[in-house]
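Heavy atoms only: backbone and side chains are in, while hydrogens, waters and symmetry mates are out. So you know, we letter chains A, B, ... as the sequences are listed, proteins then strands, and number each from 1.
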2 protein chains.
Amino acid sequence: MSSGSFKHDLFSQFARVGKALSNANRLELLEFLAQGERGVEELAKVSGLSVANTSQHLQQLRQAGLVTARKQGQHVYYSLSGEDVVQLLGCLRRVAEQHVAEVEKLVNTYLTVKDDLEPLPREELLERARKGLVTVIDVRPPEEYAAGHLPGAVNIPLSELEAHLQELDPEQEVVAYCRGPHCVLAFDAVERLRKKGLKARRLEDGYPEWKLMGLPVESSGPAENNEPQTEKEPAP
Amino acid sequence: MSSGSFKHDLFSQFARVGKALSNANRLELLEFLAQGERGVEELAKVSGLSVANTSQHLQQLRQAGLVTARKQGQHVYYSLSGEDVVQLLGCLRRVAEQHVAEVEKLVNTYLTVKDDLEPLPREELLERARKGLVTVIDVRPPEEYAAGHLPGAVNIPLSELEAHLQELDPEQEVVAYCRGPHCVLAFDAVERLRKKGLKARRLEDGYPEWKLMGLPVESSGPAENNEPQTEKEPAP
DNA sequence: CTAGTATTCAAGTAATTTATTGAATAAATG
DNA sequence: CATTTATTCAATAAATTACTTGAATACTAG
């Protein structure tokens, strides 16, 4: 029957997307891209892969429709091809968290502080920020901060945390966030801030999830798409 | 640094879930399982794979945490390990639809009727059903209907469609649904009903999506979990 | 206990995937 | 135009995956 072949062809296409998600290095690239647009060499550096290998992975991601490439001069800038990709990654993470025992084990052994510092949900942060009760710090590297960050957040990359201590009010609670719910940066930051006697907590999730929910974001560097829902109109 | 290895290990676990989704046959198995619990041999038959091969795929799915196995007598019954898996599959489908050009091409060539019969959204069906304006038919095979179906839906498997025509009121609109948004069964049913001069439309999505939204479902066969949110309590 | 059925395991082969290497484009700069 | 820089392509070896086949296990029924 012809419908059998249709079904199989369709599932093969879905499987292409699955294949793109079937490799740890590609998932890492996707997490970096969820912070904002980046060039190939940059991605190679932060992910620790060779440039050629990075390029090949990016092309696989592009063929699966998860990322898009923009060529400018001799550079090629990659970015996620839509908000739905961030959502897909979130689903994947949630399913793994929920059903893959190893994930919990890993989190418990590496992120020992976890129980101690219960993460702050988005809504609560919004409320406290409105009342001026918290200082929000973004502990990602400056490029990612520049591509987009929570409104009012101060960029203090992890490496310079100690140097910026005096900027933080010891009376006010500090909330740190980074790339996502399992990114170590914010965990580390909170741990170190607490050792210094500050009141510190971690935002439940990272910048991509915040933006996905349509909450306001700011960006300093090159122009980024800030609107929650973008309406695409054909040229007039 | 140790955090690098943590990150990689974590992404490797996420990638295991991605791997499970990287094969067309496994995705097809997951779609069948989204209709309800099924035995290995049954799954092998409907998917057209050998039993041994089906078993191996199921084990991969189990290791990725996507399905669970229940042994009863000499049979092993598999089912999805949670609602979040249905959601993940939905995300995957949506991303593919949105960003993989081939999907649209396939849908357009095989499901030619598509433009003509705009699908009916969930909410509208609920509203019209409340007013008694529509007849809802479930065109899946009886086993799947038995495992769970929309309340008030009549089971008319596609093969017996013509034989049951007189049961349908020619004045009332007929709404057909099946396994999911791209399942051919409902498309086929609508096409054939229209040829017979009936007013027929297709529900936007299938049974698993309906259930996922927490909407009411009925089941006739062996007991199924009907509650929208199940609270898991340890034995008293 | 024996025969039968459902499922899984184990071994083998063909195909696919990953990462490496070195060469090929393609744009910018002197 | 030649050189540098960023990226991609092509060829390769090692590892992994998909499916087949035949045997092993586990449970049921006679």
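- For the OP1/OP2 pair of D:dT8 and a distance below 4.0 Å, the side-chain nitrogens and oxygens of A:Tyr78 include at least one atom meeting the criterion.
- Protein atom CZ of B:Arg38 is 12 Å distant from nucleotide atom P of C:dT7, rounded to whole Å.
- Not one side-chain nitrogen or oxygen of B:Gln56 sits closer than 4.0 Å to the OP1 or OP2 atom of C:dA10.
- Using a 4.0 Å cut-off, some side-chain N or O of B:Gln59 falls inside it from OP1 or OP2 of C:dC9.
- Looking only at distances, a side-chain donor or acceptor of B:Asn155 sits under 3.5 Å from a matching main-chain atom of B:Asp138.
- Evaluation of the salt bridge (charged side-chain N to carboxylate O under 4.0 Å, His left out) test over residues 62-78 of chain A, restricted to residues two or more places apart or in two chains, returns A:Glu37-A:Arg70.
- In this structure, the side chain of B:Ser55 does not engage the main chain of B:Val51 through any donor-acceptor pair within 3.5 Å.
- Taking side-chain N and O atoms only, B:Ser50 has a distance below 4.0 Å to OP1 or OP2 of D:dT20.
- With contacts defined as side-chain heavy-atom distances shorter than 4.5 Å, the pair B:Glu143/B:Glu42 qualifies.
- Within the cation-pi definition used here (under 6.0 Å to the ring centroid, within 45° of the axis), B:Arg202 qualifies as a partner of B:Phe187.
- Of all the heavy atoms in A:Cys178 and A:Ala186, the pair that sits closest is SG-N, 3.3 Å.
- Contacts of A:Glu42 with the nucleic acid, taken as non-hydrogen atoms under 4.0 Å apart, are absent.
- Projected onto DNA chain C by closest heavy-atom contact, A:Gln72 and A:Leu49 fall at different nucleotides, the more 5' of which corresponds to A:Leu49.
- Distance B:Asn53 CG to D:dT17 C1': 11 Å, rounded to the nearest Å.
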Report task. Kindly express the pairing pattern of DNA chain D in dot-bracket notation, using | wherever a base pairs with another strand and counting only Watson-Crick or G-U pairs under 3.5 Å. Result -> ||||||||||||||||||||||||||||||

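- The side chain of A:Gln74 contributes no N or O atom lying less than 4.0 Å from OP1 or OP2 of C:dT25.
- Here the nucleotide nearest the side chain of B:Ala52, chosen from D:dC27, D:dT21, C:dT7, is D:dT21.
- Taking atom CZ on A:Arg70 and atom C1' on D:dA6, their separation rounds to 15 Å, with Å as the unit.
- Judged as a salt bridge (charged side-chain N to carboxylate O under 4.0 Å, His left out), the pairs with a partner in residues 177-190 of chain B (not counting sequence neighbours) are, in order, B:Glu144-B:Arg179, B:Asp188-B:Arg192.
- Counting only residues at least two apart or in different chains, salt bridge (charged side-chain N to carboxylate O under 4.0 Å, His left out) contacts with residues 15-34 of chain A comprise A:Arg16-B:Glu102, A:Glu28-B:Lys7, A:Glu31-A:Arg93.
- Sorted by residue number, the members of residues 17-30 of chain A with any non-hydrogen atom under 4.0 Å from DNA chain C read A:Lys19, A:Asn23, A:Asn25, A:Arg26.
- Per the geometry, NE2 belonging to B:His75 stands 12 Å off C1' belonging to D:dA26, to the nearest Å.
- In this structure, A:Lys71 atom NZ and D:dA6 atom P are separated by 14 Å, rounded to whole Å.
- Checking the phosphate oxygens (OP1, OP2) of C:dT17, no side-chain nitrogen or oxygen of A:His57 falls inside 4.0 Å.
- Remark: B:His182 engages A:Phe14 in a ring pair (Phe, Tyr, Trp, His ring centres under 6.0 Å) (not counting sequence neighbours).
- Remark: the B:Tyr145 side chain and the B:Ser219 side chain contain no N/O donor-acceptor pair separated by less than 3.5 Å.
- Per the geometry, OH belonging to B:Tyr77 stands 8 Å off P belonging to C:dT7, to the nearest Å.
- For the pair A:Gln60 CD and C:dA19 C1', the computed distance is 12 Å after rounding to whole Å.
- The distance between atom NE2 of A:His8 and atom C1' of D:dC19, rounded to the nearest whole Å, is 13 Å.
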